[in-house]
Structures are given as C-alpha cells and as structure tokens.
Amino acid sequence: MDNNIEEKWSKLWYENHVFEPEIDEGIEKFFVTVPWPYTNGSLHVGHGRTYTLGDIIARYKRLRGYNVLFPMGFHESGTPILAFSERLRNNDINTIKLYKSYLSEYEKPEDMDIILEKFKEPENIADYFARVIIKDFKNLGYSIDWTRSFTSADKFYQEIVKWQFRKLESLGLLKKGEYPILYSINDENAVGEDDIKDGDTDKVSIEEFTGVVFKGKNYNLMAASLRPETLYGVTNLWINPEARYVLIGYKNDKYVMSYEGYLKFSFQHENVKLISDVSNNDILNQKFKVPLYGICVSVISASFVDPDNGTGVVYSVPGHSIFDYIYFKNNNIKNEIKNVVKTNSDTNVENLVKKYDLFNNDSKLKEATQELYKEEFYNGILINSGKYSNLSVQEARELIKNDLLKDNNAMIFYETTRKAITRSGSKVIVAILKDQWFIDYSQKWLKEKSHDLINSMKFYPELYRKAMNDAIDWLRERPAARKRGIGTKLPFDENWIIESLSDSTIYMVAYTNRNELYNIYNHLNNINDDILDHIFLNKNLKNKYDDYTMENIVKAKNEFDYWYGNDLRITAPPHISNHLSFYIMNHAAIFSGKYLPGGLMVSGLVISNGAKISKSKGNVISLLETVKKYSADIYRLFIAVGADISSLLDWNEKDLTSIIKKQSMFLSIFENYSDNSDDNNYIYKWFYSSFYKNLKDYFTNMESMDIRDAYISIFYNVLNDLKYVENRGFNINKALKMVMHDWLIALSPVMPYSCEELWHKYVKDSFVSKEYLDFNIDDKIDYNILRSEEYLSRVLSDIREILKIIKYPGKIINLTVYGDIQKNFIENFNNKTLKKEYNMMIKDYMKNKNRIDNNFLDEYYILNENREFIEKSLNMKINIIQCNEILLKNPWPGRPLIKIE
RNA sequence: GCGGAGAUUGCCGAGCUAGGAAAAGGCGAUGGAUUUAGGGUCCAUUUCCGCAGGGAUUCGGGGGUUCAAAUCCCCCUCUCCGCACCA
C-alpha cells in the first residue's frame, strides 16, 4: 500500500471528523486510554506497541457498535526535558548528537541548527515533539480524537491537578516529613538519574549507615557502619593516617570525623558546626568507649580507610570483616579476635581468606566480603553479645540500631552506593530534605478500597491482577513534590512542584470535557474547586457563575457523566509498581461507582533483533522510519500477530518478511478481483461456512482481547481458505465476493488503510472505519459442510500415508464407504438390539471405535462430488463403492476402506 | 534474599485455567510442481520405526496422584523481570 493512499485516508478521516465522537445516550460508550507520551524525543518501534493495541481495540469496539472515545495528550512534567535543554545550552556533544538524530527524521539538514537553537528553551522541545508525535500517530492510522488533546503543562489542566491535591489533602493522604535525596553540593540542587554521570547505566542509590558514637574524654568519634549488630566484636577503631579530620559541634556535643564525612553529615542534620581541625596523633592517643558493650578500645592507623566513605572512621571487627582480619594479620596486630555471629556453614572469615587466597591476591576481596555478609545476614545468629545473643542477625541489626539511636549513641548517616559526580563534574552526596511532601499510600482504608477495585476490574492477561494487588500492598509513602522540573505548583506551598508521576494519575477525566474546562479557565482565569466538585463528584455549586460559565459547566458535567469510567487502560509492565498503582489508588480515593477504572491491559515489552532496545546496542529503530519503509498496516499487522499480548515481541526483519508476504498476497487477491463468475459448487458453501466459523472465532478471541488468535483466524485462515478454493480449481473471485463486505470490516482494526481503500473500491462509498459488524452469525455456519471438507482431507491424507509406505506405484484406488449395514450396526449395537448375523462385525467395530465419526455424513456423495479433485491431487483413478454387505473388515463412518491396486 | 514469570520439536512459539490420541501457527530445512533467470508461488515432508491408514518415544530433571498427566501435587536445576522516587 503506497504512502499516498495512507495520506489520502488519514486526511479524509480527519476532515470528516470520523473519530470525534459525541454523546449519544442510546449507544453504549467505550472509553479507552493509553499513557500519554513524554515529549523529550521521537518514538521508536517499541513505543508503538501500546498505542497500536489501543487503536486496534478502539476500532474493534467501534465495529461492534460502541460509541468509542480514544483520546491522547502529552506529558511534559518532570526534569528530563529541562535537563536536556540545559545540556544543549551547555553545548554537550552527546546531547546535540542525540537531538540531531531525532531531528534528521523530520527536518532538512539546513533547518536543524535553527531548531536546535530553539531547544535551549525547554518548552520548545516539548512543543516540537508533541507535534511530531501527533504526526507519527496520524501516519500510523490511529483513530484518535485530537480535539480533546492537552498536555500536563496546560494551565487549565493544572487546575485539575491542584484540585486533586486538595482532595488528597482533605482525605488525609498528604504528609510532610524528612527524606533523603541525592544532592549536588556545588549546584545546590537535588539530582536525578539524568544528572549523574553514567547514572543510567550504573545506578546510584542511597544506603543507610548507622553512625555509631564512641565516647571519649574530649570528644566522641563517629564510625558509620552497615552492620551495627557486630558491635560486640569491636576490637579497635581505624582512621586514615593521611586524611583530614575535624572536630564538629552538634547538639551540645563534640564529634570527630573526616572532613568529607562532616560535609555530608552537615547536609543531613541541622546546626552542625565546624570547630577546628584535629591532628591524627591526637585521635590515636586516646581511647574510646564502645556503646552498649562498654569496653574501651584504642585507635589504629589504617591506610585502607577511605575518608570519603561514611565518616572516615571505621570500627574494626576482624572476626566478621575480611578487610579488618587481613589488616590484622599483615600488620601483626595482637588484639584478640572475637566472634559474635554464628552460622551453620563453613562460610566465615578464615575460610574465605583461604578459599580466595586473599593474602596473596586481593582481587576477590569484595566478592568474598559479599559472600560473608550474605551468609551471616540470612543465616547468622548472634553470640557473645550480651542481651542480644541468640537473636538472628536480621533482628539484632534492627534492635541494636534502634537502641543506639534512642540513647543518642548513634545517628543515621546516609551514603551513596557508589561514588558519583554530576555530568558537570561536581560531587553527589546524600542530603536530607526537610518538609518533603508525600502522598501516603500506606493507609489501610485506601489499600482496601484499591484491592476491591482491582478485584472488580478486568485484566488482560489475568496474571497482572495479582501483580497489581502485590504492588498496592508494597507501596508506602511516596514523595510527591520536587524543587524543580516542569509541572504544577503545589497548592499549599508554591516552592514545590508536583512530581511528574503524581500529576498524571487521574488526568483521563479531562479527556471527557477538555474543551469546556479550557473555556472555563480562559474565561475565569482559574477553576474553582466547587466547579470541579460539581462536575466530577456531583456536588452542588457554591458560587454563582455567569451564563457562559454555567453553559460550559453543564456541558462539562454531561460529557463527564457520559464518558467516564475509563473502560480500558493499556500500558506496559514497568508501570505496574508506579503509574498504575497511583492510577488505581487515586481513583479509589477520589471516585466511586461507575467512574472507577473498568479494565487494564498490560502488553509485554518489545525487543529489537533479539536485544533490549537501547542506544548503546544500536538497535533503536524509529517508528516513523518503519512506517515510511514498510507501511502503517504492516507495522500494525506485526504488532497484532507478531506475539501474544503478554509475551515479548521481537522486532526483526525475518518475521517481518513473512508478514509482508502475507499482506501482499492479500492485496494481490483484491487487485486481481473481478466480479465475473456465476460458478456454482458446494466448495463455495464450504468457504462461506468456514469464513463465518473464522469470524466467530475472531469475535470470541477479540472479546477476551486475544488479538493475535483473532487475526490468525480472520486473516491467515481466511487467506488459506481462499487459496484452497483456488487450488481446488474454483473461482477465488466468487468466494471473495461472498465475504468481502464482512471481511474488510473485520480486518479494518488492524489494516485500516488497506481496508478503507479496498472498501471504497469494491464495496461502497462510506468509511469502513465506521461500519458495524453483525455479531449474530451462527445461522451462517453449516457445520455439516465443514465436516465434509474435513472428511475429504482426512481421506486424502490416509491415502497419502499408505502410498508413502507401500513401495510399488498404484494406479487405482478403491474407496468403499459405509452403507446402511454399518449404520444400522452402530445404532443397534448402542441400543443393544444387535441381531446375531451381525456378530462377526463386533471385533472390527471395537478396534476402530474411537476413530469412528458419529456424524453420519453422506460420504458417497462427498467423494463423488470431489472425484476430480482427488484424482488430480493424487494423480490416480478412484472407484467409489457404497458397502452393502457384512464384512470382517468394514468401512466405518469417517473411515472408508482404502484399497490400492 | 524477597516477590513475580518461565523452561514444549532445528529455532520462535501455542496447548496448561476446566487432565482424555502433544506438537496449532510461523521461521528454517528437504523433496516436488510451475516458460520460476535468481528471490516468487503452490503441494508435500520435517522425533523414530513401519511394504496398508499402524506402532514406539517424548513437553528442564526426579518423584507422586489417576484408568489416563505437557496439563494437578511435591522436590530439584536453570533463565528472565521488579525491589522505589525515575519518566
């Protein structure tokens, strides 16, 4: 199908408002959504799966007679667009390269620099890609109602987000608290994955250390540890002889730690004061008391201590730390080594040192440490640890940590899981945000409501219902606002921007009445809560509004009442633990009854040529490129039949080729069509029945969203049937003519362009995209005729099997079909009214019993009707005989006797 | 580690929910047909054995339940995904 045809229909659909539905109380509505795309770049073949599935379902529901709303908007919230724009402003080479590659799909080379220049303003990136994505989606033939489109940066929409947050607040779901974040000291800003060097490939996260306080005469030492449960095994403390240590004041007490540690600590606690530097000798000359345990230990220099990890002070547990143990042995330190954790295995410090030969080869040091920690964490029991003895390591760790914190013997110290710098080269640490806003998803009433909702929804495939329920249980508080990024200002505190996933949980409501809300906002410059309460929650208006506003309010409410409930939302698995959970929980919190989500479809991931799609693998294939190269219908066909919805779909040339072949076969059958036949044969009746059997299977499968199976029936099987008619020597045009009308409608959800073109050429001058398909087709299927054809092919295959085994060439085939004798025998045998003279048939009957067909087809007639076909297929003559005697070896229904001469 | 999904033929993948002659469909391979240059299209074959439509063996490994197990139950091995503030 050439691009001109696609363009033509795309334009005509748009001009004729084919996909812009209006309220019609007489018709049942169906409201389907897919997540709005994020507009920081162009889309690749993987992105297209969800959107295409959405369109296929929208189109299918339309042909089933539903009033279908399939809208689309754009997500512009969050930091990535901002970050990309900033990098362009900084002339970052990789970012420029990336955006040039996006632009090269759409623009002439000479225009690119001008556009790139504009991208230094973030909103231009968002606007630009929203525009090209619309173009991509139109090219793909999506039946989207673009008149209801909006973005998360639109002012009127942000009124809804604010309303939503005030609702959450009134429900007691908003909270404030402390929260650790990744932070750049130089930039004085929170940093995300995008801001960190190699942040996407080597993830940085936050680790919680226990900063244990060792009391001394003049000041305390703070040693940050991940394993507070080993406290009773402490033999000494370590500091680095080369590092700078400082004395700090905090909460009426004095502490010593490395300078780097102090910097981090000061971002995690309030009112931390740097007093002075402290000489290493001063520290080394003192003893410090181990909390809880109570003994005093000395401080020893150790070069392996990293001043930029934790506090730069480490407590030494040679019994359970391989680093400490090796340093003990290498430096001949005589302190007693104490064991405080017991496991049943041989995995302990000494054995691991031997196993990996760590004294001579420290390359495996980290690995061995991991192995030890894992073993002790999961299987360890505390010993020699005072009142904590006999507790499991997991219990003891929590308990000791809490006991230490309670008496100010420890403070929480956060550290990054690896050393990280931003793209601009400044250091990334963990800072504590005061007054972080959270949405509290941990509340029981909300979890219960959400589970109820999930259990009332439809899931495709079913397995995601459990995944969804689990995700809801696992969710706790979620930070819901950030200090920067594109988005809506938090209504209670304008210094905060609502976080980008939290501003997109109920946005589908605005698809129903986008234009009216837009009007109201433009007219009033805001949208009061009482208006939105009225429209969305059916509450009474509190204020008086002018006629224009009232008109829009009434219309907006009608639209919402008619369309809402999002009947089906389609996404990918990575959304389960975030977007979909928020979607469900926010709806459960705010809405009820028919306005709650109706169903969820989760489609598997798309890979490309066997590998995960990523820039580094070089297998990113742009959606636009694909459509240009192949065609929208080919892409859509691949999405529909390439894999089951739940399984992963591999985009590759080989599978694509076979789909292209099938599609061009389909097109050429139509191309060669002419209405020229008055031929009559039972094969046409068979084809007709078989077609409606396939259509019936199509309906069954589409109703349960098994799109692949549905299209194997209606596309592949029907094509094969047509070929079969042709191979049998009959007229393919006559067969095609009988089903063309219904076939094109049924295929149109997946191949809208081809079907639209063929429909206009051969059927009539209306839009196939708006045609309905009759669901009641049972009376069009003649099962007897389908069985006849099955019978025929079974006989043929039996004959072939025999021919294969016998080595001599036969000339004539005698086919003896069952007669009245056999029929009567079966009936009488079942009724136990068998006469004596038939007894000799019993043995033969029993032997073949489970292969006998109990539909008594007129086999004599069928074989005679198809005599020519059989003879031609086998290149042999056949004799057909109807049996009328009692035999030792009988023909039975479905199993004629075959004798080759 | 926890939670989830999975292992079927040369390969990709159905079948498993409701147990009843395993191998749908596709790709690849083989043979044949076709005035097919080649790619194309069609027919057949593609676990093994078989000179009559038959038989045997198979669904990651090992047990069990059952007249009957790819399917239900238990154990083991291996693979993939998620584990949080990021769209």
Side-chain angles (χ1 to χ4, degrees), chain A residues 35-40 75-81 83 179-182 190 192-196 199-200 203 205-206 373-375 377-379 394 436 438-439 441 461-464 466-467 470-471 473-482 485 499-502 504 573-579 581-582 604-605 610 612 641-644 646-650 652 654-659 661-662 664-665 668 706 708-709 711-713 716-717 720 723-724 726-727 794-808 810 847-848 850-851 873 875 889 895-900:
Chain A
W36 45 11
Y38 187 71
T39 50
N40 69 328
H75 199 206
E76 301 184 352
S77 313
T79 49
I81 290 177
Y179 196 72
I181 50 158
L182 295 174
E193 192 179 288
D194 294 311
D195 306 309
I196 295 170
D200 47 346
K203 221 183 139 167
S205 42
I206 294 168
Y373 282 14
K374 216 176 205 176
E375 173 63 22
F377 181 69
Y378 293 109
N379 303 316
Q394 296 177 53
Q436 169 70 53
F438 296 91
I439 298 178
Y441 288 116
E462 182 60 34
L463 69 98
Y464 287 106
K466 186 174 165 25
D470 288 350
D473 282 333
W474 162 84
L475 216 56
R476 315 189 294 253
E477 294 98 3
R478 179 180 171 97
R482 302 189 70 181
E499 180 270 330
S500 58
L501 285 183
S502 301
S504 310
H575 283 148
I576 288 172
S577 61
N578 43 69
H579 168 67
S581 296
F582 307 151
L605 286 175
K612 205 171 160 179
V641 301
D644 229 45
S646 60
S647 37
L648 98 189
L649 175 65
D650 186 10
N652 65 81
K654 211 171 81 178
D655 290 351
L656 204 52
T657 312
S658 77
I659 281 177
K661 269 198 283 193
K662 278 276 187 278
S664 64
M665 186 203 282
S668 76
D706 294 318
R708 181 170 184 261
D709 291 342
Y711 277 85
I712 282 173
S713 292
Y716 283 84
N717 290 354
N720 287 343
K723 279 286 163 189
Y724 185 68
E726 195 175 41
N727 291 336
R794 196 165 57 227
V795 170
L796 266 175
S797 110
D798 276 357
I799 295 171
R800 283 204 177 98
E801 190 160 347
I802 295 166
L803 287 172
K804 200 175 74 183
I805 295 158
I806 61 172
K807 297 280 160 72
Y808 57 89
K847 193 182 158 197
N848 289 289
N850 50 4
R851 296 195 187 90
S873 300
N875 203 16
K889 189 167 164 53
R895 286 184 65 76
L897 288 178
I898 300 166
K899 181 89 185 148
I900 294 168

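Convention: sequence-line order gives letters A, B, ...; per-chain numbering from 1.
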Asker: Can you tell which of B:rG3, B:rG53, B:rC85 lies closest to the side chain of A:Pro479?
Answerer: B:rC85

Asker: What distance, rounded to whole Å, do you find between the two C1' atoms, one in B:rA14 and one in B:rA24?
Answerer: 6 Å

Asker: With rounding to the closest Å, how many angstrom separate the P atoms on B:rC72 and B:rU46?
Answerer: 29 Å

Asker: So, is A:Ser577 close to the B:rA84 phosphate, meaning a side-chain N or O under 4.0 Å from OP1 or OP2?
Answerer: no

Asker: Name the nucleic acid region contacted by A:Ser502, choosing base, sugar-phosphate or nothing; use a 4.0 angstrom heavy-atom cut-off, strictly under.
Answerer: nothing

Asker: Please give the distance between the C1' atoms of B:rC86 and B:rA69 as a whole number of Å.
Answerer: 46 Å

Asker: Calculate the interatomic distance between A:Tyr464 atom OH and B:rU17 atom P; express it in whole Å.
Answerer: 20 Å

Asker: Searching all strands shown, indicate the nucleotide that pairs with B:rU58 (Watson-Crick or G-U wobble; both distances under 3.5 Å).
Answerer: none

Asker: Using Watson-Crick or G-U wobble geometry with both distances under 3.5 Å, which nucleotide pairs with B:rA70?
Answerer: none

Asker: For B:rU34, which nucleotide is its Watson-Crick or G-U wobble mate, given both distances must be under 3.5 Å?
Answerer: B:rG40

Asker: Have a look at A:Gln436 and say if it touches a base, only the backbone sugar-phosphate, or nothing, with a 4.0 Å heavy-atom cut-off.
Answerer: nothing

Asker: Of A:Pro896 and A:His579, whose nearest nucleotide on RNA chain B comes first from the 5' end?
Answerer: A:Pro896

Asker: Both distances under 3.5 Å, Watson-Crick or G-U wobble: report the partner of B:rG10, or none.
Answerer: B:rC27

Asker: Are A:Pro35 and A:His575 side-chain neighbours, meaning at least one heavy-atom pair lies under 4.5 Å?
Answerer: yes

Asker: Nearest whole Å is fine: how far is B:rG26 P from A:Asp709 CG?
Answerer: 13 Å

Asker: Need to verify one output field. Residue with the more 5' nearest nucleotide on RNA chain B, A:Tyr179 or A:Ala467?
Answerer: A:Ala467

Asker: For B:rC85, take OP1 and OP2 only and decide whether either is under 4.0 Å from a side-chain N or O of A:Arg476.
Answerer: no

Asker: In whole Å, what is the span from the CD atom of A:Glu499 to the P atom of B:rC85?
Answerer: 11 Å

Asker: Where the side chain of A:Thr79 is concerned, which of B:rC85, B:rC86, B:rA52 is the nearest nucleotide?
Answerer: B:rC86

Asker: With the side chain of A:Ile898 defined as its heavy atoms from C-beta on, choose the nearest nucleotide among B:rG53, B:rA84, B:rC86.
Answerer: B:rG53

Asker: In B/S/- notation, 5' to 3', how is nucleotides 39-45 of chain B contacted by protein heavy atoms closer than 4.0 Å?
Answerer: --SSS--

Asker: Would you say the side chains of A:Ser504 and A:His75 form a donor-acceptor pair under 3.5 Å?
Answerer: yes

Asker: Whole angstroms only, please: what is the CD1-C1' distance between A:Ile802 and B:rG53?
Answerer: 4 Å

Asker: Rounded to whole angstrom units, what separation is found between the CD1 atom of A:Ile206 and the P atom of B:rC83?
Answerer: 15 Å

Asker: Would you say the base of B:rA87 and the side-chain of A:Asn578 have a donor-acceptor pair closer than 3.5 Å?
Answerer: yes

Asker: Quick one, A:Tyr38 and A:Pro80 - any side-chain contact, counting heavy atoms below 4.5 Å?
Answerer: yes

Asker: Please identify each residue that fulfils side-chain hydrogen bond (donor to acceptor under 3.5 Å, both in side chains) with A:Arg478, with sequence neighbours left out.
Answerer: A:Glu499

Asker: Sticking with atom P, work out how far B:rG60 lies from B:rG13, rounded to a whole angstrom.
Answerer: 14 Å

Asker: Is there a side-chain contact between A:Lys662 and A:Val641, using heavy atoms and a 4.5 Å cut-off?
Answerer: no

Asker: Going by purine N1 to pyrimidine N3 plus the second Watson-Crick contact, or the G-U wobble pair, all under 3.5 Å, which nucleotide sits opposite B:rG19?
Answerer: none

Asker: Given atom CH2 of A:Trp474 and atom C1' of B:rC81, what is their separation to the nearest angstrom?
Answerer: 13 Å

Asker: Looking at B:rG53, which nucleotide sits across from it as a Watson-Crick or G-U wobble partner, both distances under 3.5 angstrom, or is there none?
Answerer: none

Asker: Please report the distance, rounded to the nearest Å, between CZ in A:Arg482 and C1' in B:rC86.
Answerer: 8 Å

Asker: So does A:Arg708 get a side-chain nitrogen or oxygen closer than 4.0 Å to the phosphate oxygens (OP1/OP2) of B:rA24?
Answerer: no

Asker: So A:Pro573 and A:Tyr464, do their side chains get closer than 4.5 Å, heavy atoms only?
Answerer: yes

Asker: Rounded to the Å, how far apart are A:Ile81 CD1 and B:rA87 C1'?
Answerer: 10 Å

Asker: Using salt bridge (Lys or Arg N to Asp or Glu O under 4.0 Å) as the criterion, list what pairs up with A:Lys723, not counting sequence neighbours.
Answerer: A:Glu726

Asker: Is the shortest side-chain heavy-atom distance between A:Phe582 and A:Leu475 below 4.5 Å?
Answerer: yes

Asker: Could you state the interatomic distance from CG (A:Asp709) to CG (A:Asn717), rounded to the nearest 0.5 Å?
Answerer: 10.0 Å

Asker: Given that both distances must come in under 3.5 Å, which nucleotide forms a Watson-Crick or G-U wobble pair with B:rA5?
Answerer: B:rU79

